[in-house]
> 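Have a look at the structure that comes next, please.
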Amino acid sequence: MSNRMHQTINELRLKRLRRILRRINQYQSEFEQLPDEALQQKTAKFRQLLAEGQTLDDLLPEAYAVIREASRRVLGMFPKDVQVLGAIVLHEGNIAEMQTGEGKTLTATMPLYLNGLSGKGAYLITTNDYLAKRDYLEMKPLFEWLGLTIGLGFVDQPNYEYKPGEKQKIYNHDIIYTTGGRLGFDYLIDNLADSREGKFLPKLNYGIIDEVDSIILDSAQTPLVISGIPRVQSNLFGVVNTFVETLVEHQHFKMKQTKKEIWLTERGIEAANHYFGVDNIYDEPYFDLVRNINLCLRAQYLFENNTDYFVYKGEVILIDRITGRMMPGTKLQSGLHQAIEAKEGVKLSTDTSVMATITFQNLFKQFREFSGMSATSHLGEKEFLDLYTKIVVQIPTDKPVQRIDYPDRVFRSIEDKNFAIIERVKELYAEQRPVLVITRTAEVAEYFSTTLFELDIPNNLLIAQNVAKEAQMIAEAGQLSAVTVATSMAGRGTDIKLAEGVKELGGLAVIVSEHMENSRVDRQLRGRSGRQGDPGTSQIYISLDDYLVKRWGKVKSMDEKRLREIDSETLQKSLIFQNRVKKIVQRAQRLSEEQGIQAREQANEYEKSISIQREIIYKERNRVLNFENLDDVHLTRLAREVFEEAYDFNNFTAPEWVNYIYKNLSFQFKGDLDALDLRNRDAVLDYLMDIFQQQLEYQKENLDDYYYTNFVQKAILKSIDSNWIKQVDHLQRVKSSVNTRQNGKRAPIFEYHRVALESFEKMKDTIKRDTVKYLCQSITSFQKGERLIVHFPN
Ligand code: ADP
Ligand code: MG
């Protein structure tokens with residue numbers, strides 16, 4: 001879509017929003033006159049109106065006017081018209097693009113208040129604990145003044161252990177400030193509860209995601225994972241790795257680097273069959289072999305030492321793509337980490353199984369309605385629309401933006417570039433103008449900081465280590481003579497206010513030491529300067545040695561090769577050459593952006609199966625948890641199905657049936673089956689059903705109605721959970737095995753969905769079988785005379 005068209009559509013959207021804004025503004029003069037109590041009483045009135053059937057949409061204009069006036073009285077800030085426009089977008093479940101410093105925190109209070117009225121929960125979700133707590137503390141007085149309850153979604157202490165009932169209390173507020181990670185893990189944990197009392201998370205009602213593009217788009221590829229027990233280590237990595245090293249690209253395998261896909265060609269498959277001495281590696285028994293080949297291929301050709309990971313003291317340590325930081329303790333899932341370890345010849349670490357997992361995308365889809373805000377949403381507009389059918393509305397700034405974004409400065413090498421950056425900082429420092437130098441990696445930030453100190457230029461270094469401390473440091477980046485060196489993520493979400501006299505000098509100067517992996521992040525960085533109509537400048541410095549170019553800028557032509565051999569002086573003099581370098585960098589960034597989009601699309605595709613299944617399972621769990629009293633009919637039917645299956649698939653002899661009964665129904669079985677005609681299906685089934693009923697009767701003898709229901713719930717849940725956990729882990733592994741089958745025959749994703757469905761169906765049968773077994777063979781006891789303990793059979 002053309003830019004003009006884009007603007008026109010946005011204008012139309014704003015026009016509608018302004019009509020609503022006018023209705024809100026009409027209340028203003030009246031509400032200014034109201035005494036505090038009268039304003040506070042509005043909350044009760046709104047709740048009354050809701051109970052009488054009015055909708056939140058009906059209440060919006062008056063409610064927004066109320067909280068606006070309350071905000072003026074309690075916080076001393078009156079939300080501006082543009083903030084109200086953003087607030088309407090947020091209530092409507094769309095994405096509001098609002099520039100840095102426009103006051104998104106305050107904007108969010110309006111829809112939070114409105115949606116908090118229903119008492120069903122309104123969430124503000126941000127990127128880290130520090131920001132969640134900061135905003136919570138700042139806005140708490142406002143909500144409490146209006147009679148709503150507000151809570152922080154977690155206890156802010158490392159490794160805190162929650163007491164029973166504590167989380168219920170936390171989530172029992174009208175409004176909750178939290179982070180995506182906190183909420184996501186709670187969602188997974190909540191769905192592992194084995195009693196109704198153990199559940200704490202209400203149905204997710206309404207949520208606002210702050211910095212929505214960084215939560216949804218940038219951190220989306222790493223799903224939240226609850227790890228379970230260590231897996232049995234595959235011993236194939238060594239030999240498979242040796243095989244993979246012998247392969248030749250194009251001949252034996254092909255790859256699409258941008259998509260992070262790699263697969264064997266026909267010749268590659270032949271080579272594998274030959275090497276491992278099998279007829280066809282894709283035959284069922286070689287599932288694990290194929291998986292290992294795929295993992296090793298990816299490790300060998302799609303992951304680069306020093307770019308994707310470091311080998312440090314015999315360990316493979318991942319590097320964050322966006323920040324370049326090492327991530328000790330973080331591991332790639334499902335054997336990929338071990339494949340890289342095999343490639344690098346270090347000791348293999350243990351791989352843990354995956355117990356429960358969810359991506360941020362799917363977490364947010366659990367909300368009845370959610371919306372988002374950020375300074376750079378429109379650059380992710382298409383993805384928001386495709387993924388969530390959400391539109392992005394660009395909210396104008398309160399005052400015109402005065403920041404000047406200068407064109408890139410071009411250099412041949414990193415050395416030339418860094419030298420120029422230091423020179424520029426020296427100039428700015430001499431003028432006392434504050435400057436913020438932003439780098440991709442912590443190493444480069446440290447380099448600048450040290451070099452500047454050597455030149456007697458005091459500076460603050462922020463490398464995303466201590467969020468709270470860095471927030472305070474970056475808040476001071478607008479002082480006279482302040483020199484701040486930071487990585488891209490450091491101190492985000494914190495406002496940089498200019499000190500007196502700085503405006504006259506031209507405001508904050510932002511210098512970015514290279515383009516980031518997508519232009520959205522570049523924009524976020526430029527936005528550090530020029531808030532609320534302040535003057536300011538931004539400029540990005542580039543060279544042919546930049547990470548983006550190394551990663552994505554394959555040399556395309558002779559011309560480019562020559563360009564790389566040019567000396568610094570010629571380059572500095574020639575605009576034509578400089579433009580060529582710019583083109584190369586731009587192309588590399590575009591490729592990087594495409595890769596990001598494709599990787600997210602693919603991750604989403606793969607998520608579909610598991611998320612459908614997860615939803616079915618979680619629903620079933622909740623149904624079981626909510627049984628009030630039981631009708632045994634349901635259990636009888638279930639048992640009968642299980643016995644039918646056992647009968648139809650096994651053709652057991654009498655001793656085999658006895659064995660079956662021992663294993664599944666009763667340890668104490670003493671009967672004999674001589675009198676039973678095994679060819680008579682109904683007779684056998686009835687016989688088994690009798691035993692089943694006796695076992696249930698036996699369980700009932702020890703338990704009253706309440707505990708009996710409780711027991712049945714626990715038995716079914718145990719059976720669901722143990723099998724679902726296996727299924728989740730299985731799907732993770734299948735995901736890493738299907739990729740290599742992409743030899744033109746079948747799209748791997750279809751193959752994956754097919755296998756996923758098949759295994760899910762199988763799992764449902766296993767759940768039923770296990771349920772019968774747990775019902776019949778468990779032993780119950782009581783802890784402290786009141787808590788039911790169920791000892792399940794193996
Ligand atoms: P953003 O998240 O959009 O970058 P913040 O929410 O951090 O911006 O707000 C930036 C600054 O503006 C904060 O200091 C905040 O207190 C202030 N602010 C926001 N809205 C108003 C307002 N309506 N009147 C006065 N100050 C405001
Ligand atoms: Mg903010």
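Read the numbers this way: they start at 1 and go in the same order the structure lists the ligands and their atoms. What's counted below: heavy atoms across the whole structure, side chains too, no hydrogens, waters or symmetry copies.
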> Taking only Lys NZ, Arg NE, NH1 and NH2, and the carboxylate oxygens of Asp or Glu, determine whether Lys133 and Glu138 approach each other closer than 4.0 Å.
no
> Under 6.0 Å from the ring centre and within 45 degrees of the ring axis: does the NZ or CZ of Lys167 meet both conditions for the six-membered ring of Tyr162?
yes
> Do any N/O atoms on Lys497 end up under 3.5 angstrom from N/O atoms on ligand 1?
yes
> Got the closest protein heavy atom to atom 20 (N) of ligand 1, with its distance?
Gln83 NE2, 2.9 Å
> Between Ser374, Gly103, Gly76, flag the one that comes closest to atom 8 (O) of ligand 1 by a heavy atom.
Gly103
> Would you check whether Met98 reaches within less than 4.0 Å of ligand 1, judged by its heavy atoms?
no
> How far is atom 7 (O) of ligand 1 from its nearest protein heavy atom, and which residue and atom name does that atom have?
Thr105 OG1, 4.2 Å
> Do Gly101 and ligand 1 have an N or O pair less than 3.5 Å apart?
yes
> Tell me if the centroids of the rings in Tyr27 and Tyr64 come within less than 6.0 Å of each other.
no
> Against heavy atoms of Gln99, which atoms of ligand 1 measure under 4.0 Å?
3 (O)
> Pick one of side chain, backbone, both or neither for how Asp495 approaches ligand 1, counting any non-hydrogen atom pair under 4.0 Å.
side chain
> Give the minimum heavy-atom separation between Ala499 and Gln479, together with the two atoms involved.
CB-OE1, 3.7 Å
> OG1/Thr487 to CG/Leu461 distance, rounded to the nearest 0.5 angstrom?
8.0 Å
> Which heavy atom of Gly372 sits nearest a heavy atom of Leu90, and at what distance?
O-CD2, 3.3 Å
> Among all protein heavy atoms in this structure, tell me which lies nearest to atom 26 (N) of ligand 1, with the distance rounded to 0.1 Å.
Met77 SD, 3.4 Å
> List the closest protein heavy-atom neighbour of atom 12 (O) of ligand 1: residue, atom name, distance to the nearest 0.1 Å.
Gln532 NE2, 3.1 Å
> Pairs of nitrogen or oxygen atoms closer than 3.5 Å, one from Gly493 and one from ligand 1: do any exist?
no
> With heavy-atom distances below 4.0 Å as the criterion, list the atoms of ligand 1 near Thr100.
4 (O)
> Can you tell me how far the OG1 atom of Thr55 sits from the CG atom of Leu60, to the nearest 0.5 Å?
9.5 Å
> Heavy atoms only: give me the nearest Gln532-Glu102 pair and the separation to one decimal.
CA-OE2, 4.0 Å
